[in-house]
Amino acid sequence: MSPESKKLFNIIILGVSFMFIFTAFQTCGNIAQTVITNLNNTDFHGSGYTSMSIIYGVFSASNLVSPSVVAVVGPQLSMVVSGIFYSLYIAVFIQPATWAFYTASVFIGIAAAVLWTAQGNCLTVNSDENTIGRNSGVFWALLQSSLFFGNLYIYFAWQGKTYISESDRRTVFIALTVISLVGTVLFFLIRKQEDTKAPGEEDSANEILGDSSSAQNKMMRAVAAFKKSIKLSFTKEIMLLSVTTAYTGLELTFFSGVYGTCIGAVNRFGSEQKSLIGLSGIFIGVGEILGGGIFGLLSKNNRFGRNPVVMLGIVVHFIAFYLIFFNMPNNAPIASMKGTDDIAYMIPSKEVAIFCSFLLGLGDSCFNTQLLSILGFLYSEDSAPAFAIFKFVQSICAAVAYFYSNYFLLQWQLLIMVVVGFFGTITFFTVEWKAAADLAARGSDYSSI
């Protein structure tokens, strides 16, 4: 197998592994609050929103040290161990206990930071400036296909149900736990890249992948990775991209946790209200896959860079927010187990609700594929620290959003995303224009990025 074929193989295995793990985890996140609402008449008193807030809060803090962990342990083993913790979190729902639920939330927050830092490193090591756009799109399309499979099962299994029984819950979460474990095992198929650099030449990617039996060398690499993370945090490009990243954290919370809960709370959807949560997740996945596939596979022919894709993303999201504002009752995110009979500015429409799910997924893929691409392009020699900062900002904003989702009406959640999304688009444009100017100064073709 040629070096290029081996790299593409690694990207595909990386994407398929994440597809299995996040088929389980994203389906879990999409239905968690609905399942927990049906548990609150028992001894269980947890909150799905609070759990996700804990996960993303710990996730954000753990990103400060995750490059050091990846430097010492290596990206492959880091992803395997993290995958095990994802599986344990999902397994908690088989027989829920409040203490286990919140404890698992802490551990998965740590595991997520390590997993995504290792993923960013693996993506960059297996790409160059000519393939980073394609590989980002391929990975993103495979990852987001996870939204399709798990939610398809939820749609058919929960068809016509207004209450989720213990048997229904256990069947779903046993299956999701097994799926997550399958994805974890697949990480072992990723092949290590050979060091092709000249003697004395090094970068952070090879430092992380390099083998060393010396504990002192490992500690030095860990400290170096931490210092690089702090140093990169204060660069102009990272600070500007942090606004864009903050927006992806807010809208991640909305489409992965809040919007499904809103749909499931609308009593006017009748007996389909619970199964529509699954259908919503499917169409979010369709939007994600379509965006990731198109923008990844067509990236080599894109002479205009990343800005048009990000512009498309923000326009699509603004249309979705406008329609959701008109279609969804204002109290839907915080409705009780009985749901809500309120209406917004139109009679709630299932078709509009599902169309908005598609738009949310498409817009999210626009932002995330381009952020992965520009980070891999700008920081090819500092990939682990750069991706750790990206996930730090994204996760801390997601944690804040999950926290206020317990209290804020729908209109205020939408307004926050509109404001942050507007400024995030402007800051992304600024960084992309500078990257294009620097590339032109080097005499490279802009379409290669």
Side-chain angles (χ1 to χ4, degrees), residues 9-32 35-36 46 48 51-52 54-56 58-59 62 66 69-70 73-97 100-123 139-154 156-157 166-192 256-257 278 281-282 285 391:
F9 174 82
N10 284 347
I11 294 296
I12 292 172
I13 292 298
L14 183 69
V16 171
S17 299
F18 270 69
M19 179 188 73
F20 275 97
I21 291 174
F22 283 88
T23 289
F25 181 70
Q26 290 188 330
T27 304
C28 174
N30 202 20
I31 64 176
V35 169
I36 287 169
S51 168
M52 287 295 180
I54 292 171
I55 289 172
Y56 283 104
V58 175
F59 185 6
S62 300
S66 59
V69 174
V70 176
V73 178
Q76 188 177 54
L77 185 58
S78 296
M79 290 189 287
V80 170
V81 174
S82 298
I84 292 172
F85 278 104
Y86 269 81
S87 304
L88 291 174
Y89 174 82
I90 297 163
V92 167
F93 285 89
I94 298 171
Q95 187 58 51
F101 180 52
Y102 286 136
T103 302
S105 300
V106 173
F107 281 111
I108 200 176
I110 299 169
V114 175
L115 179 71
W116 282 102
T117 299
Q119 174 272 333
N121 172 244
C122 188
L123 177 67
F139 170 78
W140 194 255
L142 286 169
L143 167 65
Q144 295 305 335
S145 64
S146 62
L147 285 165
F148 180 81
F149 299 112
N151 286 296
L152 185 64
Y153 173 76
I154 295 299
F156 286 110
E166 184 174 335
S167 175
D168 293 332
R169 186 193 73 242
R170 285 184 174 175
T171 301
V172 168
F173 285 101
I174 288 173
L176 294 181
T177 302
V178 172
I179 291 169
S180 179
L181 289 170
V182 170
T184 301
V185 171
L186 288 176
F187 284 130
F188 285 112
L189 296 179
I190 294 176
R191 303 179 181 185
K192 182 179 175 182
S256 66
I282 290 169
K391 280 298 172 181

Exercise. Grab the two heavy atoms, one from Gln76 and one from Phe187, that are nearest each other, plus how far apart they are.
Key: NE2-O, 3.0 Å

Quiz item: Heavy-atom distance under 4.5 Å between the side chains of Ile54 and Val58, does that happen here?
Solution: yes

Quiz item: Roughly how far apart are Ile84 CD1 and Ile21 CD1, rounded to 0.5 Å?
Solution: 10.0 Å

Quiz item: Listed by chain and number, what are the side-chain contact (heavy atoms from CB on, under 4.5 Å) partners of Thr23, not counting sequence neighbours?
Solution: Met19, Ser146, Phe149, Ile179

Quiz item: Taking only residues two or more places apart in sequence, or in another chain, which ones meet Ser82 in a side chain to side chain donor-acceptor pair (under 3.5 Å)?
Solution: none

Self-check item: CA sep, side-chain torsions, deciding dist, call: Cys122, Ile190, side chain to side chain contact (heavy atoms under 4.5 Å, CB included)
Solution: CA-CA 9 Å; Cys122 188; Ile190 294 176; 4.2 Å; yes

Exercise. Kindly write out the residues that satisfy side-chain contact (heavy atoms from CB on, under 4.5 Å) with Ile174, not counting sequence neighbours, or none if the list is empty.
Key: Ile94

Exercise. Start with the C-alpha distance between Val16 and Ile12, add both sets of side-chain angles, then the distance that settles side chain to side chain contact (heavy atoms under 4.5 Å, CB included), and finish with yes or no.
Key: CA-CA 6 Å; Val16 171; Ile12 292 172; 4.2 Å; yes

Self-check item: Nearest atoms (heavy-atom pairs only) where Leu152 meets Ile282
Solution: CA-CD1, 3.3 Å

Practice problem: Determine, step by step, whether Phe18 and Phe139 satisfy the ring-ring contact (aromatic ring centres under 6.0 Å, His included) criterion, reporting the C-alpha distance in whole Å, the side-chain angles of both residues, the deciding distance to 0.1 Å, and the verdict. | Solution: CA-CA 9 Å; Phe18 270 69; Phe139 170 78; 5.3 Å; yes

Exercise. Over all heavy atoms of both residues, which pair between Gly183 and Phe20 is shortest? Give the atoms and the distance, please.
Key: CA-CB, 3.4 Å

Exercise. Could you pull out the closest heavy-atom pair between Ile90 and Ala24, with the gap in Å?
Key: CD1-CB, 3.4 Å

Practice problem: Grab the two heavy atoms, one from Thr117 and one from Ser66, that are nearest each other, plus how far apart they are. | Solution: OG1-OG, 2.7 Å

Self-check item: Gap between atom CD1 of Ile108 and atom CG of Leu115 - 0.5 Å precision
Solution: 9.5 Å

Self-check item: Pairwise distance CZ(Phe59) to CH2(Trp116) - rounded to 0.5 angstrom
Solution: 7.5 Å

Quiz item: Taking only residues two or more places apart in sequence or in another chain, which ones pass ring pair (Phe, Tyr, Trp, His ring centres under 6.0 Å) with Tyr86?
Solution: Phe22, Phe25

Quiz item: For Ser180, which residues count as a side chain to side chain donor-acceptor pair (under 3.5 Å) partner, sequence neighbours excluded?
Solution: Ser87

Self-check item: Residues that Val81 engages under side-chain contact (heavy atoms from CB on, under 4.5 Å), provided they are two or more places apart
Solution: Leu77, Phe85

Self-check item: Residues, nucleotides or ligands: over 12 heavy atoms within 6.0 Å of Tyr102 OH
Solution: yes

Quiz prompt | Minimum heavy-atom distance Ile55-Ser105, with the two atoms named | solution = CG1-O, 3.4 Å

Practice problem: Measure from the side-chain N and O atoms of Arg191 to the backbone N and O of Asn10, and report whether any donor-acceptor pair falls under 3.5 Å. | Solution: no

Quiz item: Taking the side chain as C-beta and beyond, is there a heavy-atom pair between Pro96 and Arg169 under 4.5 Å?
Solution: yes

